[in-house]
Amino acid sequence: MSSLLHLLLKQPQSLSSLNNLVSNNGAKALSIPGLLYSRRRGLHSSPPKPPSFAIAFDIDGVILRGETPIGGSPQALRRLYYDSATAATISALKIPYVFLTNGGGVPESKRAKDLARQLGVNISPLQVIQGHTPFKQLVKRFENDLIVAVGKGEPAVVMSEYGFKNVLSIDDYASFFDNIDPLAQYKKWKEIQAVKQHASLTINPDSERVGAVFVVSDSIDWSRDIQVLCDILRTGGLPGRETAHQPPLFFASDDLAYQALFPAERLGMGAFRIALESIFNSIHPKDMEYTSYGKPHPFVFKNAENVLTQVVQSAYNNIEADGGTEPFKTLYMVGDNPSIDIKGARQAGSPWFSILTRTGVFKGEGNHTEHPADLVVDTVEEAVDYILRKEHIC
Ligand code: G3P
Ligand code: MG
């Protein structure tokens, strides 16, 4: 396995380029509607000082279960805006915050719109950091290669919006190879879409090697995806051909489980990775090589801090983009998964302060034994209440 740390050491410019890329999340980082204090600040003689703290919210198991808001999340988020009565439209953000999720499957701009509808507050794409958001930093390396994008939602749209030029979802890719999935005829629930006439694709998957595979979001057909990925990986990107060097493989996260609507946790991308790796290593002489992103990597928390700085700079548009803001004194991570959210915040160290809710993966009475949080609360609403009281915000 090639670790993310190894990748970053090989690419020392990764963090800064990632920050630049993240700032282009579908909105100009310094002119985000809905984050402009200045609209309200026109009434003030002197501009308010930016807060010395900010918040990162996990989504699944903290803010939502499935599509449903939980733990008083709409009320909690409304408290982070100047005027809660107008927060559902365009208003002023009082407390800088981002969503820091290992989930994904749609572009950040679409996720921001979906979250805004579900939660009743205005949300900028800049405030949405998904597991696959860092894939943007790999555009230069694979810009013109044939890319296969795996997962629920719109994985190919996500990758194309990041700038990859020749992307096919695994659904579309598989449709180029007759009988690649021997179980396809039994999958009555599947709508088979043949896209062999894909107009914008300049590469022919029958003869062109896959340059890289990106698991963008959770696989929705493990049997087909594991079969096709084994085909791609063991043949150097030409299914049905002779064995060749494995193309690079990237996972947006490595969560073994996450909290959805069902009372017990559901298998996540990490479980899919284990299944694929185990099968691949059983049928291939060389072990599967891959890189996974997402929490709990410290790099994700460093990036969240940089994005939160951009959120402050956007909100206080009189502050110089470079060096105009004070470093945060406290960054709160509100999460439900001890081995992902809490471990990540603890590894990231100061100024991160971890808050564990009981609305998701963690449901214990006291604190988690292996990855104890700085604070345990029942819900995100309690977490926000604690933060605002501690920071003397009424
Ligand atoms: O598929 C989503 C899951 O892996 C985790 O999402 O928001 O809890 O980081 P989240
Ligand atoms: Mg979660």
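All residue numbers refer to positions in the sequence shown, counting from 1.
- When side chains are defined from C-beta on, Pro134 does not count as touching Asn303, because their heavy atoms never get closer than 4.5 Å.
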Going through the checks in order, is the side-chain contact (heavy atoms from CB on, under 4.5 Å) test met by Val128 and Gln130? CA-CA 6 Å; Val128 179; Gln130 306 191 94; 3.7 Å; yes

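- With a 6.0 Å radius and a threshold of 12 heavy atoms from other residues, nucleotides or ligands, Lys329 has its NZ atom at or below the threshold.
- The main-chain N or O of Pro182 is never found under 3.5 Å from a side-chain atom of Arg224 such that the two would form a donor-acceptor pair.
- Using a 4.5 Å cut-off between side-chain heavy atoms of Ile, Leu, Val, Met, Phe, Trp and Tyr, with links allowed through other members, Val139 and Phe299 fall into the same hydrophobic cluster.
- Judged by distance alone, the side chain of Arg65 and the main-chain N or O of Ala260 form a donor-acceptor pair under 3.5 Å.
- A pairwise comparison of heavy atoms in Leu308 and Ile55 identifies CD2-O, 3.9 Å as the closest pair.
- The two residues Gly237 and Pro247 come nearest to each other via the heavy atoms N-CG, 4.1 Å.
- Annotation for Glu161 and Ser109: closest pair OE1-OG, 4.3 Å, computed over non-hydrogen atoms.
- Between Tyr97 and Phe99, the ring-plane angle classifies as perpendicular under the 30° and 60° cut-offs.
- Grouping the Ile, Leu, Val, Met, Phe, Trp and Tyr side chains by contacts below 4.5 angstrom, directly or via other members, places Val384 apart from Val376.
- Panel note: side chain Thr291, backbone Phe250; no donor-acceptor pair is recorded below 3.5 Å.
- Between the Ser278 side chain and the Ala275 main chain, no donor and acceptor come within less than 3.5 Å of each other.
- Annotation: side chain of Thr243 is not in contact with side chain of Thr235 (no heavy-atom distance under 4.5 Å).
- Panel note: side chain Arg358, backbone Glu365; a donor-acceptor pair is recorded below 3.5 Å.
- Summarising the geometry, atom CG belonging to Asp255 is positioned 4.0 Å from atom CD1 belonging to Ile340; distances are rounded to the nearest 0.5 Å.
- Note on Ile123: it clusters hydrophobically with Ile95, by side-chain heavy-atom contacts below 4.5 Å among ILVMFWY residues.
- For the residue pair Glu108 and Thr133, a side-chain donor N or O sits within less than 3.5 Å of a side-chain acceptor on the partner.
- In this model, no donor atom of one side chain and acceptor atom of the other lie less than 3.5 Å apart for Ser219 and Asp221.
- Residues Ile393 and Lys94 are in side-chain contact: their nearest non-hydrogen atoms beyond the backbone lie under 4.5 Å apart.
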I'd like to know whether Leu229 forms a side-chain contact (heavy atoms from CB on, under 4.5 Å) with Ile170, so could you lay out the CA-CA distance, the side-chain angles of the two residues, the decisive distance to 0.1 Å, and finally the verdict. CA-CA 9 Å; Leu229 291 179; Ile170 195 161; 3.9 Å; yes

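- Checking side-chain atoms of Arg346 against main-chain N and O of Pro372 turns up a donor-acceptor pair under 3.5 Å.
- Within the cation-pi definition used here (under 6.0 Å to the ring centroid, within 45° of the axis), Lys286 does not qualify as a partner of Phe280.
- In this structure, Pro155 and Ser169 approach most closely via the heavy-atom pair CG-CB, 4.5 Å.
- Residues Pro96 and Pro51 share a closest heavy-atom pair of CD-CG, 3.5 Å.
- Counting heavy atoms from C-beta on, the side chains of Val216 and Glu154 never come closer than 4.5 Å.
- Taking the six-membered ring wherever Trp is involved, the centroid distance between the rings of Phe214 and Phe251 does not fall below 6.0 Å.
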Can you list the steps and then say if Asp225 with Ser223 is a side-chain hydrogen bond (donor to acceptor under 3.5 Å, both in side chains)? CA-CA 6 Å; Asp225 289 356; Ser223 78; over 6 Å; no

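- Thr309 contributes a side-chain N or O that, together with a main-chain N or O of Glu305, makes up a donor-acceptor pair within less than 3.5 Å.
- One finds the CD1 atom of Ile387 at 8.0 Å from the NZ atom of Lys390 (value rounded to the nearest 0.5 Å).
- A donor atom on one side chain and an acceptor atom on the other are found under 3.5 Å apart for Arg273 and Tyr290.
- Looking only at distances, no side-chain donor or acceptor of His297 sits under 3.5 Å from a matching main-chain atom of Val300.
- Salt-bridge formation is detected for the pair Asp114/Arg117: a Lys NZ or Arg NE/NH1/NH2 atom is positioned less than 4.0 Å from an Asp or Glu carboxylate oxygen.
- Under the 3.5 Å distance criterion, the side-chain polar atoms of His368 are left unmatched by any main-chain donor or acceptor of Phe362.
- Annotation: Phe142 is not in aromatic contact with Phe164 [ring centroid separation under 6.0 Å not met].
- One finds no salt bridge joining Asp145 and Arg209 here, because no Lys/Arg side-chain nitrogen approaches an Asp/Glu carboxylate oxygen to under 4.0 Å.
- Checking Lys165 against Ser160 by side-chain atom types alone, no donor-acceptor pair falls below 3.5 Å.
- Under the 4.5 Å side-chain heavy-atom criterion for grouping Ile, Leu, Val, Met, Phe, Trp and Tyr, Ile180 is connected to Trp222 within one hydrophobic cluster.
- No donor-acceptor pair closer than 3.5 Å links the side chain of Asp60 to the backbone N or O of Gln259.
- Residues Val98 and Ile129 meet the side-chain proximity criterion, which asks for heavy atoms closer than 4.5 Å.
- When the side chains of ILVMFWY residues are joined at heavy-atom separations under 4.5 Å, either directly or via intervening members, Leu238 and Phe177 end up in two distinct hydrophobic clusters.
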Go through Thr101 and Arg111 one step at a time and tell me if the side-chain contact (heavy atoms from CB on, under 4.5 Å) criterion holds. CA-CA 11 Å; Thr101 177; Arg111 194 76 202 269; 4.2 Å; yes

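- A donor atom on one side chain and an acceptor atom on the other are found under 3.5 Å apart for Asp374 and Ser354.
- Between Lys295 and Asp58 there is a salt bridge, since a side-chain N of the basic residue sits under 4.0 Å from a carboxylate O of the acidic one.
- A heavy-atom distance below 4.5 Å is not found between the side chains of Val150 and Tyr173.
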Evaluate side-chain contact (heavy atoms from CB on, under 4.5 Å) for Glu289 paired with Leu249, printing each intermediate quantity in order. CA-CA 7 Å; Glu289 292 184 1; Leu249 169 65; over 6 Å; no

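- With a 4.5 Å cut-off on side-chain heavy atoms, Leu375 and Val377 count as touching.
- Other residues, nucleotides and ligands place more than 12 heavy atoms under 6.0 Å from the NZ atom of Lys363.
- In terms of heavy-atom proximity, Asp231 sits nearest to Pro239 at CB-CB, 3.8 Å.
- Between Ser253 and Asn102, the side chains place no donor N or O within less than 3.5 Å of an acceptor N or O (distance only, hydrogens not considered).
- In the model, Glu391 has no side-chain atom that pairs as donor or acceptor with a side-chain atom of Tyr386 under 3.5 Å.
- Pro296 places none of its side-chain heavy atoms less than 4.5 Å from the side chain of Asp341.
- Rounded to the nearest 0.5 angstrom, Thr357 OG1 and Glu381 CD are separated by 12.5 Å.
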